[in-house]
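The structure appears below as structure tokens.
Fair warning: this is a prediction, and the values are worked out from it, not measured in the lab.
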Amino acid sequence: MAVLAYLKSLFILQLLMGFVFVVSGLIINFIQLCTCILWPINKQLYRRINCRLSYSLWSQVVMLLEWWSGTECTLYTDQATVDKFGTEHVIIILNHNFEIDFLCGWTMCERFGVLGSSKVLAKHELLKVPLIGWTWYFLEIVFCKRKWEEDRKTVFKGLNRLKDYPEYMWFLLYCEGTRFTQTKHQISMQVAESKGLPKLKYHLLPRTKGFTTTLQCLKGTVSAVYDVTLNFKDKQIPTLLGIVHGKKYKADMSVRRFPVEEIPDDEKECAAWLHKLYQEKDALQENYHKDGRFPGPTVIPRRRPWTLLNFLFWATLLLSPLINFACGVVVSGSPLLIIGFIIFLIIASIAIRRLIGVTEVKKTGSSYGNPENKKQN
């Protein structure tokens, strides 16, 4: 085990995995671009192909969580709810406290066969991020600037377009609008006090507009809302860099299913329902901090081999020519070639590090608390 841990800590191996992800991602993005000719001919075929292409990219990140770091994911829910997974269109409400909360969501999507077709209401800045934003663009992900007057038309159009999506989709919403920090929490609770809403201890006040709009547009398509509350054993603070270094975490997720028929149609009543849901999520987190677990029975879905096999396919395809080229550079003895190759490795490592930086709490920019954004709810 010590040898394995040492190998996982080697920068060169991490760099090679990053190389596989970036180059395969660029290849996948190019293929996605080529599939655009299918849109006016057969829109559903275009969508099915892009679901599988995106799976081939995202599953490499899931592989890091499941196979490289060996992170364990336990669900706290009943078997009847689990039996519904992957068989219906749903909206997922997930707390936004950790750098890898999206990755824990993705691993559940993968284990129930909806990773390629998973959706999210994403901030517009991510559209400009190579690989991530480009892949999401071809997947018809809905991007927003979190300024309702600017987003209204774009969000309605994007959501309505998904009504006839051919694959079961899990539509992820971070209703808090931004990742939890103590500073944002203080601002959020000031807003809660000014609105006469109960204060939350472990969450930010939810922004209701995104949820009510998504539910309104997708009603008749989605059949349920899954409330997912995530935490980690032993007060672990997981990071994507930790995953890359092979560190193992233990994730716990409480999952509750609410049929859409039980959620009010009226916008104000729907918003009130969401506020009540977050009070219940807060109570779940309080229970977790006291008992070290969520209430209810546990289910541990088994990881599937497809993420590992997919990565091995891309690694075999891309690393062989890279290693042959590197050997050729060394054998040539040319200082110019060697210096050029070293510069390439440095640029590649910086690019990969910046991609990882997108998930880091301390580097996620946010206008939370900006007076211009207070009109959204």
Side-chain angles (χ1 to χ4, degrees), residues 65 71-78 81-82 90-108 120 170 172-193 195-208 210-211 224-240 242 248-258 263 271-301 359-362 364 366 368-369 377:
L65 184 83
T71 292
E72 299 174 359
C73 295
T74 301
L75 301 181
Y76 288 77
T77 190
D78 58 89
T81 298
V82 174
V90 298
I91 294 171
I92 306 284
I93 296 177
L94 178 63
N95 56 305
H96 205 6
N97 297 70
F98 305 98
E99 286 185 13
I100 66 165
D101 45 33
F102 76 97
L103 192 47
C104 293
W106 271 1
T107 193
M108 287 299 107
V120 64
W170 286 8
L172 173 63
L173 288 178
Y174 288 119
C175 292
E176 293 160 273
T178 185
R179 189 176 278 121
F180 184 99
T181 66
Q182 288 300 327
T183 301
K184 294 174 187 175
H185 182 252
Q186 291 175 6
I187 296 171
S188 181
M189 292 308 97
Q190 290 172 5
V191 175
E193 186 174 5
K195 292 185 175 182
L197 295 169
K199 291 187 178 182
L200 303 172
K201 186 176 180 180
Y202 302 101
H203 301 85
L204 305 179
L205 198 67
R207 297 182 175 187
T208 60
F211 174 71
V225 171
Y226 294 170
D227 170 49
V228 182
T229 305
L230 171 69
N231 213 321
F232 289 84
K233 292 288 189 189
D234 305 319
K235 298 183 179 179
Q236 293 174 310
I237 308 297
T239 65
L240 190 53
K248 183 176 182 177
Y249 301 106
K250 295 182 179 180
D252 288 336
M253 287 180 273
S254 170
V255 184
R256 300 182 297 163
R257 181 181 183 274
F258 298 91
I263 303 172
W273 182 91
L274 184 65
H275 283 298
K276 182 175 180 293
L277 182 78
Y278 267 79
Q279 293 162 32
E280 294 170 359
K281 287 172 77 71
D282 225 46
L284 285 170
Q285 291 285 29
E286 183 69 26
N287 185 91
Y288 192 89
H289 280 76
K290 287 181 180 178
D291 302 336
R293 70 186 308 277
F294 291 115
T298 60
V299 178
I300 304 178
T359 71
E360 293 181 344
V361 172
K362 61 184 178 182
T364 50
S366 173
Y368 197 90
N377 288 330

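Contact check for Leu94 versus Leu230: side-chain heavy atoms found under the 4.5 Å cut-off. In this structure, Pro295 and Leu284 have side chains that are in contact, with non-hydrogen atoms separated by less than 4.5 Å. Contact check for Tyr278 versus Asp227: no side-chain heavy atoms found under the 4.5 Å cut-off. Annotation: side chain of Arg179 is in contact with side chain of Asp101 (closest heavy-atom distance under 4.5 Å). Side-chain contact between Thr74 and Phe294 is absent, with no heavy atoms from C-beta onward closer than 4.5 Å. Side-chain contact check for Gln285 versus Lys201: every heavy-atom pair is 4.5 Å or farther apart. Contact annotation: the side chain of Leu75 approaches that of Met108 to within less than 4.5 Å [non-hydrogen atoms, C-beta and beyond]. Looking at Phe211 and Val225, their side chains come closer than 4.5 Å, going by heavy atoms from C-beta outward.
In this structure, the side chain of Ser188 does not engage the main chain of Leu204 through any donor-acceptor pair within 3.5 Å. Using modelled atom types, one side-chain atom of Asp282 and one backbone atom of Tyr202 make a donor-acceptor pair closer than 3.5 Å. Using a distance-only test at 3.5 Å, with no hydrogens or angles considered, no donor-acceptor pair links the side chain of Glu176 to the main chain of His203. Side-chain atoms of Lys199 do not come within 3.5 Å of backbone N or O of Ala192 as any donor-acceptor pair. Side chain of Lys233 to main chain of Tyr249: no donor-acceptor pair is present (N/O by atom type, distance under 3.5 Å, no hydrogens or angles).
Taking all atoms of both residues into account, the shortest heavy-atom contact from Leu200 to Met189 is N-SD, 3.1 Å. Summarising the geometry of Cys104 relative to Met253, their closest heavy-atom pair is O-CE, 3.9 Å, with the distance given to 0.1 Å. In terms of heavy atoms, Asn95 sits closest to Lys281 at N-NZ, 4.0 Å. Among all heavy-atom pairs drawn from Leu103 and Leu240, the shortest one is CD2-CD1, 4.0 Å.
Applying the ring pair (Phe, Tyr, Trp, His ring centres under 6.0 Å) test to Phe232 and every residue at least two apart in sequence or in another chain returns Phe98. With sequence neighbours left out, His96 forms a ring pair (Phe, Tyr, Trp, His ring centres under 6.0 Å) with Tyr174.
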For Leu274 and Ile93, run side-chain contact (heavy atoms from CB on, under 4.5 Å): C-alpha distance rounded to whole Å, both residues' side-chain angles, the deciding distance at 0.1 Å, then the answer.
CA-CA 10 Å; Leu274 184 65; Ile93 296 177; 3.8 Å; yes

Determine, stepwise, if the pair Arg293 / Asp252 fulfils salt bridge (charged side-chain N to carboxylate O under 4.0 Å, His left out).
CA-CA 8 Å; Arg293 70 186 308 277; Asp252 288 336; over 6 Å; no

Stepwise, does the side-chain contact (heavy atoms from CB on, under 4.5 Å) test hold for Thr208 with His275?
CA-CA 8 Å; Thr208 60; His275 283 298; 3.6 Å; yes

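A distance of 7.5 Å separates CD1 of Ile100 from OG1 of Thr239, quoted to the nearest 0.5 Å. Put simply, CD on Glu280 and OG1 on Thr229 are 9.5 Å apart, with the number rounded to the nearest 0.5 Å.
Between Trp170 and Tyr226, the two ring planes are perpendicular [angle over 60°; tilted spans 30° to 60°].
Atom CD of Glu193 has 12 or fewer neighbouring heavy atoms from other residues, nucleotides or ligands inside a 6.0 Å radius.
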